[in-house]
Chemist: 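Dumping the structure here so I can ask a few things about it.
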Amino acid sequence: MQTGLTTINEWSFPKKFIVRFFASYFFIYIFPFPLAYISFLQNLNNWYNHFLSYLISFSGKHIFNIGFILTATHNGSGDTTYNYVKIFLLIVFTFIATIIWSITDKKRKNFDHILYWIFVYLRFYLALMMMRYGLEKIIKTQFPFPFYSLNETYGASSPMRLLWTFMGYSTPFNVFTGLVEIAGGVFLLFKKTSTFGVLVTIAALTNVVVINFCYDVPVKLFAANLLLVAIFILIPDVKRVTDFFFCNKAVPAVYVQPTFKKQWMKPVLEAVTFILFIATLYSIIMFVWNKYNVSGDGAFKKTPLFGIYNVEKFIKNNDASQTHIADSFKWKTVNIIFPKQAVIEMKDNNLKAFNFFADTSNKKIMLYKDDDSTNKSTMSYFMEDSTHLILYGKLEDDSVYIQLHKQDLNTFPLLNRKFHWINEAPYNK
C-alpha cells in the first residue's frame, strides 16, 4: 500500500530513531500550541510556561553558572540567554522522549500513521504562523512607516533599524511579502496542496532566516525553527519533488488516508480541528489588529502631539544663557510617533526612550523611563502656533522651559518622492 509518507514496510532502527527524535523535538518545541491563542485555555498555558520558566532559571544557575536570574522577556528579542537555555532543555527533553519511545514502542515496524497525525499538527501550526506574520505585513504592524527614523542618519541606525526603515517605507512591498506568506499558510492547510504550500513556505522562510542573520534581527532561533519544521514536513515528498522539477519525470498522486477504529471518530476529530483552527485564527487576527492600533500604522493618527520636533530653546532653572546645562541633560530633538512613547535625542547625540503620556484635556504631559517609574516628570504644554510646541514644568528636579519646532514631514525626500515610470536619471539622493 502506497501512502504519501512511505511504503508500508519495516523501517531500520536508525531511521526510526531519527524520525522519533525530530518528531519529538518539534512537538515539544511547539507545545502548548494552540493553548496560548485560546482564551479559555490560558490557565493551562500559563501553568506550563511558569513550570518551564522555573526549569530554565534552575538550569541557567546550576548547569551554566549564569550569574543573573533568567526570565522570559517581552521586549521583542527571541535570542536571549533565556531562549538559548530553553533550546538546550528542549533538546535534552527530546533525547529522553526519544529513548523512552524507542524502548516502549520497539516492536512497531514503521510510523506511517503516527507521522500522518504529526504532520497534521505541524502543518496546522506552521500555516497559522505564516498567516499571522503575513497579516502583520499586510496590516502594517511588523514594519510600520519609519516616521521614527526620519531625522536619523544611516550611520546612526543599527542594521535592524535600517531593515525596519527599508521594509516600513513601502506598503505595497509589505502586502506582496505578506500575501506570499499567507498563500504558503493557506496551501499548507489542505492535503492536496500541502506540498506546494510547504515549498512556498520554505522559500519565504529561507529569505526571513537569511535577513535575520544578515541584519542581526533577534528572532533567529524562532525563524530557524520554523524553517526546520517546513523542511521536516517536505521530507516525505522530496523524491517526488526532485523527480518532477529536476528529472522531468511523471510522479504519482499521493493517497493519504488515516484509519479510524470507529466511524464516529473521523467527523468528531474534523469538527474539533476546525473549531480549534477558527478560534486560533480569530485570536491571531485580534492580536494583529490590536498591535496595528498600538505600534503599527494605525497608531500614528492616535498619537497626541504626533510629530518630529527640533529644540529651539531649552531653559533650565530660568538660566536663559543655557551655558551651564550639561549636554547629557539638554534636549536636541523629540520624536513623538507612537502613543505612550517618546524618543529624545540629547545634545550629546545620546538617544533616550521614555514612556510618554499626554493629557489633552488638561494640557499636561508625563515622562518616565521603564526602569525608573517612580521618577516621573510632569510638564504643561501649549501650542504657540501651528508649528511651535511649548513645554514648561518639572524635568526630574529642575524647572524647564522648552520650545520645540515641529518639522514639516513633507520636506523629507522619503515622503515626497513618489513612484515614477520614467526616470531620465537615477534619483539616488
Side-chain angles (χ1 to χ4, degrees), residues 1-36 41 44-45 47-64 70 82-126 191 194 198 221-222 224-239 254-262 265-266 268-269 272-273 276:
M1 172 183 172
Q2 180 76 23
T3 70
L5 301 172
T6 185
T7 302
I8 299 292
N9 54 21
E10 187 169 357
W11 291 8
S12 64
F13 176 79
K15 182 177 180 180
K16 288 191 285 187
F17 187 88
I18 291 172
V19 169
R20 286 176 179 134
F21 178 85
F22 283 102
S24 298
Y25 174 77
F26 290 129
F27 179 81
I28 295 172
Y29 179 80
I30 292 171
F31 189 81
F33 175 87
L35 302 186
L41 296 176
L44 291 174
N45 179 64
W47 177 86
Y48 174 80
N49 286 332
H50 286 319
F51 176 69
L52 186 60
S53 293
Y54 169 77
L55 292 180
I56 293 171
S57 179
F58 181 87
S59 301
K61 179 179 180 180
H62 297 284
I63 296 178
F64 296 100
L70 297 181
Y82 176 95
N83 297 113
Y84 277 95
V85 174
K86 178 181 178 180
I87 291 294
F88 165 78
L89 283 181
L90 295 184
I91 293 174
V92 171
F93 294 156
T94 298
F95 273 110
I96 294 172
T98 303
I99 293 170
I100 294 174
W101 188 0
S102 299
I103 294 173
T104 58
D105 197 29
K106 60 183 178 182
K107 292 183 179 180
R108 187 181 297 273
K109 292 183 178 181
N110 57 67
F111 297 113
D112 287 63
H113 295 295
I114 293 177
L115 275 179
Y116 172 85
W117 294 113
I118 291 173
F119 283 142
V120 167
Y121 182 59
L122 295 181
R123 280 170 38 216
F124 178 60
Y125 168 77
L126 187 59
K191 288 181 288 187
S194 60
V198 79
L221 288 175
F222 180 67
N225 274 281
L226 284 184
L227 180 57
L228 288 175
V229 170
I231 293 171
F232 184 71
I233 294 173
L234 180 65
I235 286 176
D237 284 321
V238 165
K239 188 177 186 308
V254 174
Y255 177 76
V256 180
Q257 184 64 43
T259 57
F260 298 91
K261 293 181 179 180
K262 297 183 179 181
M265 294 176 67
K266 180 179 180 182
V268 169
L269 184 62
V272 171
T273 302
L276 284 174

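One-based numbering along the sequence shown. Because the structure is predicted, anything quoted here is derived from the model rather than measured.
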Chemist: For the residue pair Ile118 and Trp101, what are the closest heavy atoms and their distance?
Modeler: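 For Ile118 and Trp101, the tightest heavy-atom pair comes out as CD1-CH2, 4.4 Å.
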Chemist: Applying side-chain contact (heavy atoms from CB on, under 4.5 Å), name anything that partners Asn45, two or more places apart in sequence or on another chain.
Modeler: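 Once residues adjacent in sequence are excluded, the partners of Asn45 under the side-chain contact (heavy atoms from CB on, under 4.5 Å) criterion are Pro32, Leu35, Ala36, Gln42, Asn49.
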Chemist: Output a table of donor-acceptor pairs, distance under 3.5 Å, between side-chain atoms of residues 17-29 and any protein atom two or more places apart or on a different chain; print 'none' if there are none.
Modeler:
residue: Arg20; atom: NH1; partner: Ser102; partner atom: OG; Å: 3.2
residue: Arg20; atom: NH2; partner: Asp105; partner atom: O; Å: 3.1
residue: Ser24; atom: OG; partner: Arg20; partner atom: O; Å: 2.7
residue: Tyr25; atom: OH; partner: Asn225; partner atom: OD1; Å: 2.7

Chemist: I'd like to check Tyr125 versus Leu226 (side-chain heavy atoms, cut-off strictly below 4.5 Å). Are they in contact?
Modeler: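 They are in side-chain contact.
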Chemist: For Val120, which residues count as a side-chain contact (heavy atoms from CB on, under 4.5 Å) partner, sequence neighbours excluded?
Modeler: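 Partners of Val120 under the side-chain contact (heavy atoms from CB on, under 4.5 Å) test: Tyr116, Trp117, Arg123.
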Chemist: Sequence neighbours excluded, which residues qualify as ring pair (Phe, Tyr, Trp, His ring centres under 6.0 Å) partners of Phe51?
Modeler: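 Here the qualifying residues are Trp47.
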Chemist: List the steps, then state whether side-chain hydrogen bond (donor to acceptor under 3.5 Å, both in side chains) holds for Tyr82 with Ser57.
Modeler: CA-CA 8 Å; Tyr82 176 95; Ser57 179; over 6 Å; no
Chemist: Does His50 have any ring pair (Phe, Tyr, Trp, His ring centres under 6.0 Å) partners at least two apart in sequence or in another chain, and if so, which?
Modeler: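 With sequence neighbours excluded, His50 shows a ring pair (Phe, Tyr, Trp, His ring centres under 6.0 Å) to no residue whatsoever.
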Chemist: Just verifying a value: how many Å separate Phe119 CZ and Leu234 CG, rounded to the nearest 0.5 Å?
Modeler: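 Atom-to-atom, Phe119:CZ and Leu234:CG are 9.5 Å apart.
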Chemist: Please list, chain by chain and in numerical order, all residues satisfying side-chain hydrogen bond (donor to acceptor under 3.5 Å, both in side chains) with Thr273, sequence neighbours excluded.
Modeler: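 None.
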Chemist: Taking only residues two or more places apart in sequence or in another chain, which ones pass side-chain hydrogen bond (donor to acceptor under 3.5 Å, both in side chains) with Lys61?
Modeler: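 Here no residue qualifies.
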Chemist: How long is the span from the CZ atom in Phe222 to the CG atom in Leu227, to the nearest 0.5 Å?
Modeler: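 Taking CZ in Phe222 and CG in Leu227, the distance rounds to 12.0 Å.
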Chemist: Scan the side chains in residues 86-100 for donor-acceptor partners under 3.5 Å anywhere in the protein, sequence neighbours excluded, and list what turns up.
Modeler:
residue: Thr94; atom: OG1; partner: Leu90; partner atom: O; Å: 2.6
residue: Thr98; atom: OG1; partner: Thr94; partner atom: O; Å: 2.7

Chemist: Just verifying a value: how many Å separate Leu122 CG and Leu115 CG, rounded to the nearest 0.5 Å?
Modeler: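 One gets 9.5 Å once the value is rounded to the nearest 0.5 Å.
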